[in-house]
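Below is one structure; the comments refer to it alone.
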Amino acid sequence: MPEAMPRRALLLGGGAALVLPWLSGCAAEAAPRQDVGTLVGAIASERELIAAYEAARGSGAVPAARLDPVLAHHREHLAVLKRHYVPGSGDRADEGGALPGPSPAPAVPGGSPLTWLRDLEDRAARARTADAAKAGPALAQLLASIGACEAGHAGTVRGEPPAVRSTTGARAVQTALAAEHAAVYGYGVLGARLRGTLRETAKEMWDGHRAQRDELVSVLTVRPVPAAAAYRLPVRPADARGAARLAAALEDDVAAAYVGVAGVSSPDLRAFAADSAQRAMARSARWRARAGEAAPPEAFPGLPSAALPPRPEPGE
């Protein structure tokens, strides 16, 4: 068994790969007019975060090397969100207003700039959950991925997940269920390499994945994909650090699967998926910190490159 495998390389015992539904050729689309207000709000949010990080960087209170990777993520978020904004589509008041300009530099608090930045990330991530419920499926996936990245930066998740009232037989939900099955199995393996509070933390997360698994089963209208007898894992945990690396990889795969669910038609299921992706990335961030690795490594967790640029509008 190899020490590491590419992301989303968790395999079912029979050898069937987890195939994410939007890898089958779906491309991103420019935001339709009814989504312009949501898109403009997300753009304003990213500009506020960029202004905050630039202010913190300029204050010298936090080493630039610690802020620059996160600031780069937010600049990528902004660039991609702006691509989805059709020029002129928000000029009319009923379509969300004009595109906002850059945010003014905020005052950096003297006490704990990092806590301030984490709170801003947490607030932005929660806003993206609400946005995913309002936006159409294509834009919802992008917003869910951005929110997951922001939750990874914050490293915390607050409150209860949104309730799911709709039921669906979407293949995306089956993919997320398969990822939860793999996570339940993987946490059972890595728990043997942990002791004390870390082992208790892993057990809490294992219980959380079992609850998520059961929630997904409850919303399916078709026969749920069963758990495999065994899974080939992306990391072989020989010690506590290896266990943390495995846990982070499991959470990354779970987050990616939920970003796929964020593209379904049900608004409350999209919100549930966006929130679940954020929770997974927050857990991944905690494990990566234990393993001495940066988190999150990507600006758009779980989102394929084809979903980043919108299709051109006629005449462009």
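Here, residue 1 is the first one in the sequence, and each next residue gets the next number. Note that the coordinates shown come from a computational prediction; the quantities given were computed from them, not determined experimentally.
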- Run the side-chain contact (heavy atoms from CB on, under 4.5 Å) check on Leu250 and Arg283 step by step: do they pass? CA-CA 10 Å; Leu250 292 170; Arg283 292 189 296 263; over 6 Å; no
- Under the ring-ring contact (aromatic ring centres under 6.0 Å, His included) rule, what do His209 and His181 come out as? Steps first, then yes or no, please. CA-CA 8 Å; His209 284 294; His181 284 321; over 10 Å; no
- Task: Before giving the answer on side-chain contact (heavy atoms from CB on, under 4.5 Å), spell out for Arg279 and Asp275 the whole-Å C-alpha distance, their side-chain angles and the decisive distance to 0.1 Å.
- Result: CA-CA 6 Å; Arg279 290 172 186 273; Asp275 180 84; 2.5 Å; yes
- Task: Run the numbers on Val189 and Tyr185 for side-chain contact (heavy atoms from CB on, under 4.5 Å), then give the verdict.
- Result: CA-CA 7 Å; Val189 172; Tyr185 175 88; 3.9 Å; yes
- Query: Can you check side-chain contact (heavy atoms from CB on, under 4.5 Å) on Glu46 and Ile43, steps first, answer last?
  - Reply: CA-CA 5 Å; Glu46 289 303 320; Ile43 289 171; 5.9 Å; no
- Message: Set out, in order, the CA-CA distance, both residues' side-chain angles and the distance that settles salt bridge (Lys or Arg N to Asp or Glu O under 4.0 Å) for Asp119 and Arg123, then state yes or no.
- Response: CA-CA 6 Å; Asp119 287 344; Arg123 185 179 67 186; over 6 Å; no
- Verdict with reasoning, Thr38 to Asp131, per side-chain hydrogen bond (donor to acceptor under 3.5 Å, both in side chains): CA-CA 6 Å; Thr38 302; Asp131 288 346; 5.0 Å; no
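No donor-acceptor distance shorter than 3.5 angstrom exists from the side chain of Glu48 to the backbone of Pro106, with no hydrogens or angles considered. Checking side-chain atoms of Asp35 against main-chain N and O of Gly136 turns up a donor-acceptor pair under 3.5 Å. At distances below 3.5 Å, not a single donor-acceptor pair connects side-chain atoms of Arg290 with backbone N or O atoms of Ala244. At least one donor-acceptor pair under 3.5 Å links the side chain of Thr201 to the backbone N or O of Thr197. A donor-acceptor pair is defined here as one N or O able to donate and one able to accept, closer than 3.5 Å; no such pair exists between the side chain of His153 and the backbone of Ala282. Here the side chain of Trp116 pairs no donor or acceptor atom with the backbone of Pro109 at under 3.5 angstrom. Within the 3.5 Å criterion, the main-chain N or O of Ala238 finds no donor-acceptor partner in the side chain of Arg241. Remark: side-chain polar atoms of Ser145 are not paired, donor with acceptor, to backbone N or O of Gln141 under 3.5 angstrom.
Taking the six-membered ring for Trp and thresholds of 30 and 60 degrees, Phe300 and His77 have ring planes more than 60 degrees apart, a perpendicular arrangement.
Taking CG from Leu198 and CZ from Arg193, the interatomic distance works out to 14.5 Å, rounded to the nearest 0.5 Å. Atom CG of Leu49 is separated from atom CG of Leu78 by 10.5 Å, given to the nearest 0.5 angstrom. The structure places NE2 of His74 at 10.5 Å from CG of Leu67, a figure rounded to the nearest 0.5 Å. Here CG of Leu142 is found 10.0 Å from CZ of Arg128. Values are rounded to the nearest 0.5 Å. In this structure, CG on Asp68 lies 11.5 Å from OH on Tyr53, to the nearest 0.5 angstrom. Atom CD in Glu121 sits 5.5 Å away from atom CD in Glu150 (nearest 0.5 Å).
Between Ala135 and Arg270, the shortest heavy-atom distance links the atoms O-NH2, 2.6 Å. Residue Ala52 comes nearest to Leu120 through the heavy atom pair CB-CD1, 3.6 Å, listed as atom of the first residue, atom of the second, then distance. Scanning all heavy atoms of the two residues, the minimum distance from Val108 to Ser59 falls at CG1-OG, 4.2 Å. Nearest heavy atom pair, residue Gly186 against residue Leu233, reads CA-CD2, 4.1 Å. Residue Leu143 comes nearest to Ala42 through the heavy atom pair CD2-CB, 3.8 Å, listed as atom of the first residue, atom of the second, then distance. Between Ala176 and Ala257, the shortest heavy-atom contact is CA-CB, 3.7 Å.
Annotation: side chain of Trp287 is in contact with side chain of Met205 (closest heavy-atom distance under 4.5 Å). You'll find the side chain of Arg57 stays beyond 4.5 Å of the side chain of Val62, heavy atoms only. Between Asp252 and Pro301 there is no side-chain heavy-atom pair separated by less than 4.5 Å. At least one side-chain heavy atom of Gln174 sits under 4.5 Å from a side-chain heavy atom of Leu177.
Between Thr175 and Arg171, the side chains place no donor N or O within less than 3.5 Å of an acceptor N or O (distance only, hydrogens not considered). Residues Tyr258 and Gln212 bring a donor and an acceptor atom of their side chains to less than 3.5 Å of each other. Side-chain contact annotation: Tyr187 with Glu204, donor-acceptor N/O pair under 3.5 Å absent.
Using a cut-off of 4.0 Å between Lys/Arg side-chain N and Asp/Glu carboxylate O, Asp214 and Arg210 are scored as not salt-bridged. Checked for salt-bridge contact, Glu54 and Arg75 meet the test: a charged N lies under 4.0 Å from a carboxylate O. Using a 4.0 Å cut-off between charged side-chain N and carboxylate O, Glu180 and Arg213 make no salt bridge. A salt bridge does not link Asp122 with Arg118: every distance from a Lys NZ or Arg NE/NH1/NH2 to an Asp or Glu carboxylate oxygen is 4.0 Å or more.
Tested against Leu216 for a side chain to side chain contact (heavy atoms under 4.5 Å, CB included), the candidates Leu269, Val225, Val173, Val261 yield a single pass: Val173.
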